[in-house]
Amino acid sequence: MKIVVCIKQVPDTKGGVQFNPDGTLNRAAMLAIMNPDDKAGLEAALRLKDQYGAEVTVLTMGLPKAADVLREALAMGADKAILVTDRVLGGADTWATSSTIAAALRKLDYDLIITGRQAIDGDTAQVGSEVSEWLNIPSVSNVKKISKVESDAITIEMDLPEELEIAKVQYPCLLSVDKDIFQPRLPSYVKKMDTADREIEVYSLDDMEDKDETHYGLNGSPTQVKRIFPPTANDHHEVWDGDGSEV
């Protein structure tokens, strides 16, 4: 089995959020981590590797510094790492992001693609499903458990608002997993040393089949964020005493 896990480097909000003068996030100046949902997805892939001998590739789109989360993934047990980076990819919305990731995935052999349900910086929960649409493969979201793995299909459980649904999905397919599916393992110091010199493959616009710059990044995004800002703090409160009818 060949598994590709899509991961994202996101701002570590515990270290404070910084903004550019135009209101956009200053990602270059912020501490960054692997998106928690994606790390759970990576753990799911590594457990399949441990049990069935799968080959796990991690792929991310971002700034060159996003290679840090790829290195972390290799230290956790991933076999290969791919960074999709180019200046023209900056400012991408979910449409442009998913189409770019799908373009990179078309260059790979895979049976299963795993993504996190959503990223903590955007919270859209759209990219995974959009990637599957670009690739024309089945996808399942809100996956909370992998029940059975067969040579041609995988059986999963979905955590829906009012019910638990079980589905059997044929390969190739995409699963968007819930962050609580597994507790991610810690990176191994031994693996970190063993993979320190492992090559991270880099894709740029020149590696894409479609090289039209207007289809990528900000130029290829139907939606654009005009401004991001922290909410105004309001600590005013009142306490009303009395019985229910009086209050």
Side-chain angles (χ1 to χ4, degrees), residues 3-20 23-45 57-73 76 78 81-86 89-105 113-135 139-144 158-159 174-184 216-218 220-231:
I3 306 173
V4 180
V5 183
C6 297
I7 63 177
K8 184 179 183 181
Q9 187 182 57
V10 295
D12 184 359
T13 54
K14 294 180 181 178
V17 178
Q18 299 184 37
F19 297 91
N20 295 312
T24 58
L25 282 172
N26 185 354
R27 293 180 181 271
M30 297 166 60
L31 297 175
I33 58 173
M34 188 188 306
N35 182 56
D37 285 29
D38 299 339
K39 184 175 284 190
L42 175 58
E43 177 63 27
T57 299
V58 285
L59 181 147
T60 192
M61 168 183 152
L63 298 171
K65 65 179 290 188
D68 292 345
V69 295
L70 294 176
R71 289 289 176 197
E72 181 182 358
M76 290 174 66
I82 298 171
L83 171 63
V84 184
T85 186
D86 199 301
L89 304 181
D93 67 355
T94 59
W95 175 280
T97 297
S98 62
S99 65
T100 303
I101 292 174
L105 287 167
I113 300 170
I114 299 179
T115 72
R117 187 174 68 90
Q118 64 190 64
I120 61 174
D121 57 351
D123 279 339
T124 63
Q126 295 173 353
V127 172
S129 298
E130 289 179 358
V131 167
S132 70
E133 287 294 314
W134 287 111
L135 296 175
S139 69
V140 182
S141 299
N142 297 91
V143 176
K144 66 168 295 183
M158 292 170 278
D159 188 12
L174 183 147
L175 305 180
S176 292
V177 304
D178 188 275
K179 71 177 187 303
D180 296 324
I181 186 171
F182 291 119
Q183 177 66 38
Y216 299 92
L218 189 63
S221 299
T223 57
Q224 296 181 15
V225 177
K226 296 181 70 75
R227 186 166 67 102
I228 299 176
F229 56 94

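Residue numbers start at 1 and run along the sequence shown. Everything numeric in this text was worked out from a predicted model, so none of it was measured. Only heavy atoms go into these numbers, but all of them, side chains included; no hydrogens, no water, no symmetry mates.
Across all their heavy atoms, I120 and P11 have their closest contact at CD1-O, 4.0 Å. Listed here is the closest heavy atom pair of K8 and T60: CA-OG1, 3.8 Å. The shortest heavy-atom contact between L83 and A66 is CD1-CB, 4.0 Å. Residues P184 and M76 approach most closely at CB-CE, 4.3 Å, considering heavy atoms. A pairwise comparison of heavy atoms in L42 and A73 identifies CD2-CB, 3.6 Å as the closest pair. Nearest heavy-atom pair across A92 and T97 is CB-OG1, 3.4 Å.
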(request) Start with the C-alpha gap between V177 and D37, add the side-chain angles, then the distance that decides, and say whether side chain to side chain contact (heavy atoms under 4.5 Å, CB included) holds. (result) CA-CA 7 Å; V177 304; D37 285 29; over 6 Å; no
(request) Decide yes or no on side chain to side chain contact (heavy atoms under 4.5 Å, CB included) for V10 and V69, but give the supporting numbers first. (result) CA-CA 10 Å; V10 295; V69 295; over 6 Å; no
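A search for side chain to side chain contact (heavy atoms under 4.5 Å, CB included) contacts involving A125 returns Q118, not counting sequence neighbours. Residues passing the side-chain hydrogen bond (donor to acceptor under 3.5 Å, both in side chains) test with S99, sequence neighbours excluded: none. Checked against side chain to side chain contact (heavy atoms under 4.5 Å, CB included), D178 has the following partners two or more places apart in sequence or in another chain: R117, D180. Every side chain to side chain contact (heavy atoms under 4.5 Å, CB included) that K144 has, sequence neighbours left out, goes to E157, D159, L164. Scanning for salt bridge (charged side-chain N to carboxylate O under 4.0 Å, His left out) contacts around E72 gives K39, with sequence neighbours left out. Every side-chain hydrogen bond (donor to acceptor under 3.5 Å, both in side chains) that N35 has, sequence neighbours left out, goes to D38. Judged as a side chain to side chain contact (heavy atoms under 4.5 Å, CB included), and not counting sequence neighbours, the contacts of S98 are V127, E130, V131, W134. A search for side-chain hydrogen bond (donor to acceptor under 3.5 Å, both in side chains) contacts involving S132 returns S139, not counting sequence neighbours. In this view, D93 and S221, T223 satisfy the side-chain hydrogen bond (donor to acceptor under 3.5 Å, both in side chains) rule, not counting sequence neighbours.
Only one option out of L105, T115, I101 pairs with V4 in a side-chain contact (heavy atoms from CB on, under 4.5 Å); it is L105. No option in I114, T57, V58, I113 other than I113 meets the side-chain contact (heavy atoms from CB on, under 4.5 Å) test with C6.
The backbone N or O of D68 sits nowhere less than 3.5 Å from a side-chain atom of Q9 that would complete a donor-acceptor pair. Panel note: side chain T85, backbone G62; a donor-acceptor pair is recorded below 3.5 Å.
Remark: M61 CE to D86 CG distance equals 9.5 Å, nearest 0.5 Å. Interatomic distance, CD of Q126 versus OG of S176, reported as 11.5 Å (0.5 Å rounding).
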